[in-house]
Undergrad: 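Below is the structure I would like to discuss, written out as structure tokens.
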Amino acid sequence: MSREVRVRFAPSPTGPLHIGGVRTALYNYLFAKKYQGKFILRIEDTDQARYVPGAEMYIKDSLDWLGITPDESPWNPGAVGPYRQSERKPDYMKYALSLVEKGLAYYAFDTAEELEAMRERLTAARVVQPQYNSITRMQMKNSLTLPEDEVKERLASGEPYVIRVKIPRKEEVRLHDQIRGWVMVHSSTLDDKVLMKSDGMPTYHLANIVDDHLMGITHVIRGEEWLPSAPLHVLLYRYFGWEDTMPEFAHLPLLLKPDGNGKLSKRDGDRLGFPVFPIDWKNETTGETASGFREQGYLPEALLNFLAFLGWNPGDDRELFTKEELIEAFSIERIGKAGTKFDIAKAKWYNEQYLRAKSDAELAPYVQGSAEKDGFQISGETAEAIAALTKGRVSFPAEMWQESRFIVIAPEKFDEQVVSKKWNADAVQVLSAYQEKLDSFEGQFYAVTAKLLLESTAEAEGIKLGKVMQAVRLSVTGLGAGPDLMEIFAILGPQEVARRIRFALESLPLAQ
RNA sequence: GGUCCGUUCGUCUAGGGGUUAGGACGCAUCCCUUUCACGGAUGAAACACGGGUUCGAUUCCCGUACGGACUACCA
């Protein structure tokens, strides 16, 4: 009988969640849902110095926006809470001490200066990797080297100490990773990592193992940056006697910068012209805002789809997946091994696909919102018409309004390049006649109606419509290019079109 | 430096001992369009290198190169 699948996303609230973290969360979510398991959010706030207020809510808001809401979290706790490590503080010392009792960990009293001196001494002695390990620990101040009485005395006097894990001298540590297969590391390359810090808080390594065990985590899906410390984690499971329920590991390939080298970092923010955060993040100390995908106009379902394909693929040619389809298709076996460069052009393409798939009614509020920011109130009807006209031409919702604001705002200036090239006697002749016909027009004014009327006008004047078409567009929109002109006429209505044409005729006298 | 991980078109990737090495983004050309886009079609574009193993390696093995992660009382 296999256990219920339980996975966790465990960010530390040290700032805004970056997009790589979002992908990790997504993969965890997809995996959990695929197997009808639970997706847990655990806040790893054991580093008091780096704690950033607001980061927790940012994480929650980001996940909510993308629809990858945890089944258990600080905000909807399950049975294994609390879900913030700072609130689980008493547990960790207990577990660390159990290791000390078993002789698998020890107290260490070395000061920062002493540690630094040790590293310098080792470096001077040409030791390739100066570290606190099975060899050097015998020259340091710890419960392995100090007399028992002195250790007790130091502890009783309240002297600061840490608890370090005792890594075996010679041992091959084997670790199975679902993406990379078996990974072998020799314990001699590992150091005696700190488990409990002198402030009484656990380090990531201890807290992570204890919590994953206590929370019944079955699969650890996390970034590749954790692979080097995974052998230590395996060792800890063994030391605690939890090997039989040790989770499966899957270390995800990293998200890389699109330019140059290295992993995509928070600093890359707006440097590269695209966001690396899911939603806007305002830095309270500097007052600066790092932009997010949401505010840039990315639709959550598009970003989700894009993110899923960064390092994973379904094995066939399909690329457009709803969240439900992703859940159905997802598997750890199909996650790639190599790092993935972040290509914003593809994200944009996904956004276009999802934008076009939306109904005009769904898009209307976006148009109304943009208009309002611009200082205009427009009706739902107009907004829908604009959406219909522009959604196939743009990448982001806000561009629909930008593409068509001349519908609401009559042009006062005209594109000079188009004026000089296309504004001529023929155009003036056709437009003069057309505006008169529009004035006397009665009945429903559809796009085809507008077109028929324009065509017959040009014909009556003996002028090829194709020669003056751009001038017609110019007179009504002020521009040389844009959405289907006749559809625009239909939205404006005959009177408004006629009025604009007259304004253009007055504003643009023909040069003699 | 050390340990670990990786390497198919510019990018995301499929594939896998014998293939015209497939798709997508982007790019180019053409078609559609009385504009610009959308859409459609076509095209250019890749198995890092060197050794093995094999009748045959892009695919398996080893090495090299290159890239990346880690190397804190940070996660």
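Below, chains carry the letters A, B, ... as their sequence lines are ordered, and counting in each starts from 1.
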Undergrad: Which base sits across from C25(B) as a Watson-Crick or G-U pair, both distances under 3.5 Å?
TA: G10(B)
Undergrad: Using modelled atom types only, decide if a donor and an acceptor are shared between the side chain of N305(A) and the backbone of F321(A) within a distance under 3.5 Å.
TA: yes
Undergrad: Consider the side chain of R334(A), meaning its heavy atoms from C-beta on, and name the nucleotide among C74(B), C73(B), G15(B) that approaches it most closely.
TA: G15(B)
Undergrad: Anything under 3.5 Å between a protein N or O and an N or O of nucleotides 39-45 of chain B, put it in a table, one pair a line.
TA:
none

Undergrad: Verify the contact: side-chain N or O of K193(A) to OP1 or OP2 of U71(B), cut-off strictly under 4.0 Å; return yes or no.
TA: no
Undergrad: With a 3.5 Å distance limit and no angle check, can you tell me whether T145(A) reaches the backbone of M140(A) through a side-chain donor-acceptor pair?
TA: yes
Undergrad: Considering only U3(B), A14(B), C12(B), which nucleotide approaches the side chain of T189(A) most closely?
TA: U3(B)
Undergrad: Taking only residues two or more places apart in sequence or in another chain, which ones pass ring-ring contact (aromatic ring centres under 6.0 Å, His included) with H186(A)?
TA: none
Undergrad: What does D45(A) touch in the nucleic acid at a heavy-atom separation under 4.0 angstrom: a base, only the sugar-phosphate, or nothing?
TA: nothing
Undergrad: Atom CD1 of I135(A) to atom P of G2(B): distance rounded to whole Å?
TA: 17 Å
Undergrad: Going by side chain to side chain donor-acceptor pair (under 3.5 Å), name the residues that satisfy it together with R50(A), two or more places apart in sequence or in a different chain.
TA: D47(A)
Undergrad: Work out how far the P atom of C66(B) is from that of A72(B), and round it to whole angstrom.
TA: 25 Å
Undergrad: Measure from the side chain of D343(A), starting at C-beta and using heavy atoms only, and say which of C25(B), U13(B), U35(B) lies closest.
TA: C25(B)
Undergrad: Scan E455(A) against the nucleic acid and name what it touches under 4.0 Å (heavy atoms): base, sugar-phosphate only, or nothing.
TA: base
Undergrad: Would you mind classifying the nucleic acid contact of L227(A) as base, sugar-phosphate or nothing, using non-hydrogen atoms under 4.0 angstrom?
TA: sugar-phosphate
Undergrad: My understanding is that a pair needs two contacts under 3.5 Å, Watson-Crick or G-U wobble. By that rule, which nucleotide pairs with U33(B)?
TA: none
Undergrad: When the P atoms of G15(B) and U7(B) are compared, how many Å lie between them, rounded to an integer?
TA: 13 Å
Undergrad: Given the C1' atoms of G52(B) and U42(B), what is the spacing between them in whole Å?
TA: 43 Å
Undergrad: Can you find a donor-acceptor N/O pair under 3.5 angstrom joining the side chain of R180(A) to the base of C5(B)?
TA: no
Undergrad: Mapping A347(A) and G336(A) onto RNA chain B by nearest heavy atom, which one lands closer to the 5' end?
TA: G336(A)
Undergrad: Touch check for P483(A), heavy atoms < 4.0 angstrom, all strands: base, sugar-phosphate only, or nothing?
TA: base
Undergrad: Short question: side chain of K197(A), backbone of T46(A) - any donor-acceptor pair under 3.5 Å?
TA: yes
Undergrad: Output yes when at least one side-chain N/O atom of N313(A) is less than 4.0 Å from OP1 or OP2 of A14(B), else no.
TA: yes
Undergrad: Suppose we define a pair by two distances each less than 3.5 Å, Watson-Crick or G-U wobble; what does G1(B) pair with here?
TA: U71(B)
Undergrad: Quantified in whole Å, what is the P atom distance between nucleotide C55(B) and nucleotide U64(B)?
TA: 28 Å
Undergrad: When we call it a touch if two heavy atoms are under 4.0 Å apart, what does D484(A) touch: a base, just sugar-phosphate, or nothing?
TA: base
Undergrad: Using a heavy-atom cut-off of 4.0 Å across all strands, would you classify Y204(A) as base, sugar-phosphate, or nothing?
TA: base
Undergrad: Under 3.5 Å, is there any donor-acceptor pair linking the side chain of K346(A) to the base of A24(B)?
TA: yes
Undergrad: From the list U35(B), C70(B), G23(B), which nucleotide is the closest neighbour of the side chain of P228(A)?
TA: C70(B)
Undergrad: NA contact type, K263(A), heavy-atom cut-off 4.0 Å: base, sugar-phosphate, or nothing?
TA: sugar-phosphate
Undergrad: What is the nucleic acid contact for T340(A), judged by heavy atoms within less than 4.0 Å: base, sugar-phosphate only, or nothing?
TA: sugar-phosphate
Undergrad: Any idea which of G6(B), C4(B), C73(B) is nearest the V183(A) side chain?
TA: C4(B)
Undergrad: Base of C73(B), side chain of T203(A) - is there a donor-acceptor contact under 3.5 Å?
TA: no
Undergrad: NA contact type, R119(A), heavy-atom cut-off 4.0 Å: base, sugar-phosphate, or nothing?
TA: sugar-phosphate
Undergrad: Verify whether the ring centers belonging to Y298(A) and Y350(A) lie closer than 6.0 Å.
TA: no
Undergrad: Heavy atoms under 4.0 Å, any strand shown: does G392(A) hit a base, just sugar-phosphate, or nothing?
TA: sugar-phosphate
Undergrad: Before giving the answer on ring pair (Phe, Tyr, Trp, His ring centres under 6.0 Å), spell out for F342(A) and F306(A) the whole-Å C-alpha distance, their side-chain angles and the decisive distance to 0.1 Å.
TA: CA-CA 10 Å; F342(A) 193 85; F306(A) 167 68; 5.4 Å; yes
Undergrad: Counting only Watson-Crick pairs (N1-N3 plus N6-O4 or O6-N4) and G-U wobbles (N1-O2, O6-N3), all under 3.5 Å, who is the partner of C38(B)?
TA: none
Undergrad: Can you identify which nucleotide, out of G1(B), U34(B), C74(B), has its nearest atom closest to the Q129(A) side chain?
TA: G1(B)
Undergrad: Enter syn or anti for the glycosidic conformation of C4(B), syn applying to angles within 90° of 0.
TA: anti
Undergrad: Describe the nucleic acid contact of G223(A) in one word from base, sugar-phosphate, nothing, applying a heavy-atom distance below 4.0 Å.
TA: nothing
Undergrad: Pick the P atom in G10(B) and in A46(B), then give their distance to the nearest Å.
TA: 7 Å
Undergrad: For the P atoms, the ones on G18(B) and on C32(B), what distance do you get once it is rounded to whole angstrom?
TA: 43 Å
Undergrad: Could you check which nucleotide pairs with G63(B) in any of the strands shown, counting Watson-Crick or G-U wobble with both distances under 3.5 Å?
TA: C49(B)
Undergrad: For atom P, what is the distance between C30(B) and C49(B), given to the nearest Å?
TA: 35 Å
Undergrad: Tell me: CZ of F321(A) to P of C12(B), nearest whole Å?
TA: 19 Å
Undergrad: Mark yes or no for whether N351(A), through its side chain, and S395(A), through its backbone, hold a donor-acceptor pair below 3.5 Å.
TA: yes
Undergrad: In terms of side-chain geometry, is the basic nitrogen of E171(A) or R238(A) positioned less than 4.0 Å from the acidic oxygen of its partner?
TA: yes
Undergrad: Out of curiosity, L453(A) CG to Y434(A) OH, how far, rounded to the nearest 0.5 Å?
TA: 5.0 Å
Undergrad: When the nearest nucleotide of RNA chain B is assigned to E225(A) and to Q470(A) on a heavy-atom basis, which residue is associated with the more 5' position?
TA: Q470(A)
Undergrad: Base, sugar-phosphate, or nothing for M184(A), non-hydrogen atoms under 4.0 angstrom?
TA: sugar-phosphate
Undergrad: Nearest to the side chain of K337(A), which nucleotide is it out of A75(B), U35(B), G6(B)?
TA: G6(B)
Undergrad: Using a 4.0 Å heavy-atom cut-off across all strands, classify R222(A) as base, sugar-phosphate, or nothing.
TA: nothing
Undergrad: Any base atoms under 4.0 Å from T14(A), or only sugar-phosphate, or nothing? Heavy atoms, all strands.
TA: nothing
Undergrad: Taking the same atom, P, in G2(B) and in U8(B), what whole-Å distance lies between them?
TA: 25 Å
Undergrad: From the options U13(B), G23(B), G68(B), select the nucleotide whose nearest atom is closest to the side chain of L254(A).
TA: G68(B)
Undergrad: Test N28(A) against R8(A) for side-chain hydrogen bond (donor to acceptor under 3.5 Å, both in side chains), laying out the working first.
TA: CA-CA 7 Å; N28(A) 273 282; R8(A) 84 297 192 280; 5.8 Å; no
Undergrad: Choosing from U3(B), C73(B), A75(B), which nucleotide comes nearest the side chain of V194(A)?
TA: C73(B)
Undergrad: Can you tell me if R318(A) touches the phosphate of A14(B), counting only side-chain N or O atoms and a distance under 4.0 Å to OP1 or OP2?
TA: no
Undergrad: In a check of salt bridge (Lys or Arg N to Asp or Glu O under 4.0 Å) between E224(A) and each of K263(A), K337(A), R180(A), which one passes?
TA: R180(A)
Undergrad: Kindly say if K341(A) contacts the phosphate of G68(B), meaning a side-chain N or O under 4.0 Å from OP1 or OP2.
TA: no
